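Everything below concerns the one structure shown next.
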Amino acid sequence: MNKLQVTNIHKSFHDHDVLKGVSFSADKGEVLALMGSSGSGKSTLLRCINLLTVPDDGSIQIDEQKILFNAAERSTLSNSQIARLRKKIGMVFQQFNLWAHMTVLENLIEAPIHVLKQNKQQTIEQAKILLQKVGLSDKLNKYPVQLSGGQQQRAAIARALMMKPEIMLFDEPTSALDPEMVGEVLSVMQQLATEGMTMIISTHELGFARRVANRCIFLNEGMIIEQGATQDMFANPQTARFRKFLEAMQH
Ligand code: ADP
Ligand code: MG
């Protein structure tokens, strides 16, 4: 069975149809690159998957938990259903989103202690292991403002991993970084992929997508117009739109 099955997702804001029936699936351990020009709906789609935005229609299934979003079902969507789905999904945003008034360590332990009710000492140990993994062992008592963008983003990834997600969503995780910091964040993500994390990454880093993603999705005006194995998609784009996108990105 697929780890994640997204079926016929629709989302409008006022009368602007942003997602017009998006369907795809991901197996456990797959890395999907989500591509598309600005405004194509990438962020909205990722936000729908972890229910930061509630879709207007369609369904999302993770393992055996399926949530339907048609009007009748949506009104009965319970907080516990939402919480159960969200708990399986970690999300990393373009703008890091660390809490400015907390140290790196406090950022990491906050949700596990207060949401998952974990033991504090064990949670601190878990945080130290993850900070070591992302190369921030020496920054645990620093505040976000004392870190570079790349360090903040690595801390944000570690914070998401503290919740032991089964799927990680990344929304243009390197777009806000100075070029010299992109590599350190991508290498943490590459490591996660190697360890078998199921990941969906919206990105303009095509070199990274080619290297790390086994499948790609190309979103155009709220619809997936191409998807497939990474090598095939890059070698043999099927639509003029995707071909133009690749050309624009590579120059
Ligand atoms: P991408 O991430 O691919 O750049 P987005 O998902 O951010 O695209 O946006 C797709 C479209 O949806 C844009 O036209 C954007 O203005 C619109 N949109 C996104 N979120 C909202 C919102 N909360 N309210 C109104 N319009 C929105
Ligand atoms: Mg976006």
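Each ligand, and each atom within it, is numbered from 1 in the order the structure gives. As the structure is a prediction and not an experimental result, all values here were calculated from the model.
The presence of a protein heavy atom under 4.0 Å from atom 1 (P) of ligand 1 is confirmed. Under the 4.0 angstrom criterion, atom 27 (C) of ligand 1 counts as having a protein heavy-atom contact.
At a cut-off of 3.5 Å, with distance as the only test, no side-chain donor of S187 or R154 sits close to an acceptor on the other residue. With 3.5 Å as the limit, one finds no donor-acceptor pair spanning the side chains of Q81 and Q65. Between S137 and Q132, the side chains place no donor N or O within less than 3.5 Å of an acceptor N or O (distance only, hydrogens not considered).
Annotation: cation-pi pair K11/F13 present, NZ/CZ under 6.0 Å from the ring centroid and within 45° of its normal.
The backbone N or O of V188 sits nowhere less than 3.5 Å from a side-chain atom of Q191 that would complete a donor-acceptor pair. A donor-acceptor distance shorter than 3.5 angstrom exists from the side chain of N107 to the backbone of M102, with no hydrogens or angles considered. In this structure, the side chain of K66 does not engage the main chain of S59 through any donor-acceptor pair within 3.5 Å. Remark: the backbone N or O of N214 is paired with a side-chain donor or acceptor of T230 at under 3.5 angstrom.
For ligand 1, the polar-atom distance check finds an N/O of K42 within less than 3.5 Å of one of the ligand's N/O atoms. Between G41 and ligand 1, an N or O atom pair is found at a separation short of 3.5 Å.
Protein heavy atom at the shortest distance from atom 7 (O) of ligand 1 is S43 CB, 3.6 Å. Protein heavy atom at the shortest distance from atom 11 (C) of ligand 1 is V18 CG1, 3.7 Å. For atom 6 (O) of ligand 1, the nearest protein heavy atom (residue, atom name, distance) is T44 OG1, 2.6 Å. For atom 10 (C) of ligand 1, the closest non-hydrogen atom of the protein is G39 O, 3.4 Å. In this structure, the protein non-hydrogen atom closest to atom 23 (N) of ligand 1 is F13 CE2, 3.5 Å. Counting only heavy atoms of the protein, atom 15 (C) of ligand 1 lies nearest to H16 CE1, 4.7 Å.
Classified by interplanar angle (parallel below 30°, tilted 30° to 60°, perpendicular above 60°), the ring pair F245/H204 is tilted.
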### Query
Stepwise, does the side chain to side chain contact (heavy atoms under 4.5 Å, CB included) test hold for R47 with M91?
CA-CA 9 Å; R47 293 169 61 84; M91 185 146 170; 4.2 Å; yes
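By the neighbour-count criterion of 12 heavy atoms within 6.0 Å, atom CG of N79 is sparsely surrounded, having that number or fewer from other residues, nucleotides or ligands.
Of all protein N/O/S atoms, those lying under 2.8 Å from the Mg ion (ligand 2) come to 1.
Listed by number with element, the atoms of ligand 1 under 4.0 Å from a non-hydrogen atom of S37 are 3 (O).
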